[in-house]
Number of protein chains: 2
Amino acid sequence: MNFRHLTYRLMQVYVAVIRTGSVSQAARQLHLTQPTVSQQLRRLQDAVGEPLVEMRQGGVVPTEAGRELYRACQDVIGRFDDFRDHLSALRGGERGRFSIALVSTAQYVLPRLLGPFSQAHPQVEVDVHIGNRQQMLARFERQDDDIYVFSHPPSLEHALAARFMRNPLVIVGPSGHPAAHATAPVSIASLLGERFLLRESGSATRMLFDGWLQERGLSLGATMHIASNEAIRVGVASGLGLALLSEHVLPKGYPGLVKLPVEGLPIQSHWQFIISRERRLPHAALSFLRFAEQNLEDCVEPEWLHNDVGGLLGQILSDEAGN
Amino acid sequence: MNFRHLTYRLMQVYVAVIRTGSVSQAARQLHLTQPTVSQQLRRLQDAVGEPLVEMRQGGVVPTEAGRELYRACQDVIGRFDDFRDHLSALRGGERGRFSIALVSTAQYVLPRLLGPFSQAHPQVEVDVHIGNRQQMLARFERQDDDIYVFSHPPSLEHALAARFMRNPLVIVGPSGHPAAHATAPVSIASLLGERFLLRESGSATRMLFDGWLQERGLSLGATMHIASNEAIRVGVASGLGLALLSEHVLPKGYPGLVKLPVEGLPIQSHWQFIISRERRLPHAALSFLRFAEQNLEDCVEPEWLHNDVGGLLGQILSDEAGN
DNA sequence: AGACAGAATAGATGATTATCTATGCTGCGT
DNA sequence: ACGCAGCATAGATAATCATCTATTCTGTCT
């Protein structure tokens, strides 16, 4: 009773034989010759160690064991058909799972895409990982996730990127701040005397700000490090100092906070999807990117719209083709 | 997505890989080398047309498609295990089906064995075919059934036989018949003046009777052919004539019928099981024969007991061994 | 008895599988 | 930087499989 070499094919053949009740007919049906089928049947019989059919009335009828095997084969073939279905669903990106990792600032913007996507693809499970830039970089190194969202991406050596949304950085102050009501934009230099509340030095916002100031030959004066955007907002509102923040993180009309009109601002950065070239994207992840490309217009305000995802998809597909 | 060559073995290997989460460990578990398993895995991957695993943290973790395949493999392997179980039940003769054909006279005696057997093996289906000798011979020629019960067997050229019960043939007459109360057995010659009611000329009883008379240089006088034993009983009771009948078909105390004490009677014939040498017996049929051998004592009255079934079983087994 | 259809057997062959050994590559821990 | 554990690749080989064609056997129909 050695099933080792029992193949799907063999089962197909056997099922055909029992169905048609004839070796020759099965052969015709399967576009094989009669001896071929005879031999397969015999091989199966040997494997099972039991006669499966008897010749009767111009054909072949199963023994009890044969009937039992027939049932088993049907079940197994059915199971594989199921699997095939699942597989094609997976391939189509309708089912399955993928993971996406966000640097924490992005958690305010990504749900706009993920929400509708989940709605449209209820069978896809998404694992979202949120953390600070450090943590995300570590995950990226290890390639723990399928898609990463950064605004200031790490090396793109082995990765592809696509901007999908503008992320303007502005300086905010308490609502009573004098510059808030200036008739013309004020210069940044005029603000550097004040204290700035900043995220930790690894953060992208911080790096961009430093770079931007350096370009102008300036640097920060008094600073204060605060670990979360939330805390910074509160701090600014209560007069602790100024801060450079993504416009997204200050919903319009946030009480006690105001955007200061500063020359040269906003700094234009972008949210982008980053994916590894090495890693083969799950179909579900691809499906998400396709969805993003198509539906971005409906999910974000027009002033923040910036859709490069199409290019990314093109690159992925050509990568796949020539792998 | 070509599953043709997907074997049971391949699934076993795959399952081991996913279970252990490691190619090498799976290899050890299966007593294979690591490259072997690697290659099988790759083959499977090619067949499915989709990556199934990714390397991670010193091992291998399934992709979504891999997980799906894993489930499928488990189900399939489980289904085969079931089949194996069924098969061994079949082999043990606990389950399954066989058919047995009786010449109609035997229908009075066989239930004594079949009843208890079915009791003991409720999972075995038995098809019982009953008919006259002609019909049974035709079935025997075509080998329609697994076991035949004859009292006067046809050629044993390609068959094996075992007596399992005595079948004494006696002459019966109406209860008022003079010979019934004779002090000593009467001679058959003295009865031949009377009319005899007989079964059709092909019947075994008839053949035996003719032979028996011939041995003694005698032959029948007036006869009357009647198609059923039942009708013969009625006829004899109502004084139409005498008859040679199996003792079994006249239950003790059958009203109006009496066994006549005749010299040289009863003719000793036997019920026997006949099976073909060509045909492989279903396990269930074997199981029935074994049952018969063991339980005959409990199923028939001691005076009719005659158990040669053991010898038959021996022959079958040695036939099987050297086929 | 002969024709015919269906099944088995035999023999051939190219493809594929199932294994191995030896070797190369890679990431992780010290 | 080294070594180890784990995976992949390459090359070899015997077994097996999947097919075919040609032929034989067997039972059924005419």
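Every chain is numbered from 1 and lettered A, B, ... according to where its sequence line falls, protein lines coming before strand lines.
- A donor-acceptor pair is defined here as one N or O able to donate and one able to accept, closer than 3.5 Å; such a pair exists between the side chain of B:Tyr14 and the backbone of B:Gly66.
- Spacing between atom CD of A:Glu54 and atom P of D:dG27 amounts to 14 Å, rounded to whole angstrom units.
- Nearer the 5' end of DNA chain C, as judged by each residue's closest nucleotide, is the contact made by A:Pro35, out of A:Pro35 and A:Arg4.
- Annotation for B:Arg42: atom CZ does not count as buried by contact number, only 12 or fewer foreign heavy atoms lying within 6.0 Å.
- Contact check, B:Thr36 against C:dC20: a side-chain N or O comes under 4.0 Å of OP1 or OP2.
- If you check every strand for non-hydrogen atoms under 4.0 Å, B:Gln25 touches nothing.
- One atom, CD of B:Gln45, and another, P of D:dT9, lie 10 Å apart when rounded to the nearest Å.
- A straight line from CG of A:Leu6 to P of D:dA18 spans 10 Å, rounded to a whole angstrom.
- Residue A:Ser24 is the one, among A:Ser24 and B:Thr7, whose nearest nucleotide of DNA chain C lies closer to the 5' end (criterion: closest heavy atom).
- The side chain of B:Gln39 lies closest to C:dA18 when the candidates are D:dC7, C:dA8, C:dA18.
- Under the 3.5 Å distance criterion, with hydrogens and angles disregarded, no donor-acceptor pair is assigned to the side chains of B:Ser99 and B:Asp127.
- Atom P of nucleotide C:dA8 and atom CG of A:Leu44 are separated by 13 Å, given to the nearest angstrom.
- Side-chain N/O atoms of A:Arg43 include one lying less than 4.0 angstrom from OP1 or OP2 on D:dC17.
- For A:Gln40 against D:dA18, no side-chain N or O and base N or O form a donor-acceptor pair under 3.5 Å.
- The aromatic rings of B:Phe3 and A:Phe80 sit tilted relative to each other, their planes meeting at an angle between 30° and 60°.
- Within the 4.0 angstrom heavy-atom criterion, base atoms lie near A:Thr33.
- D:dC17 atom P lies 14 Å from atom CG of B:Leu10, rounded to whole Å.
- Between B:Arg42 and the phosphate of D:dC7, there is no side-chain N or O to OP1/OP2 separation shorter than 4.0 Å.
- Each of A:His31 and B:Met55 was matched to the nucleotide of DNA chain D holding its nearest heavy atom; the match closer to the 5' end belongs to B:Met55.
- The backbone N or O of A:Ser151 lies less than 3.5 Å from a partner atom in the side chain of A:Gln272, making a donor-acceptor pair.
- Checking the phosphate oxygens (OP1, OP2) of C:dT17, a side-chain nitrogen or oxygen of B:His5 falls inside 4.0 Å.
- A:Ser38 has a side-chain polar atom (N or O) that falls below the 4.0 Å cut-off from OP1 or OP2 of C:dA8.
- Following rounding to the nearest Å, B:Tyr8 (OH) and D:dT16 (P) show an atom-to-atom distance of 19 Å.
- In this structure, the CD atom of B:Gln34 is 11 Å from the C1' atom of C:dT23, given to the nearest Å.
- In this entry the distance linking CG of B:Leu32 with P of D:dG6 reads 17 Å, nearest Å.
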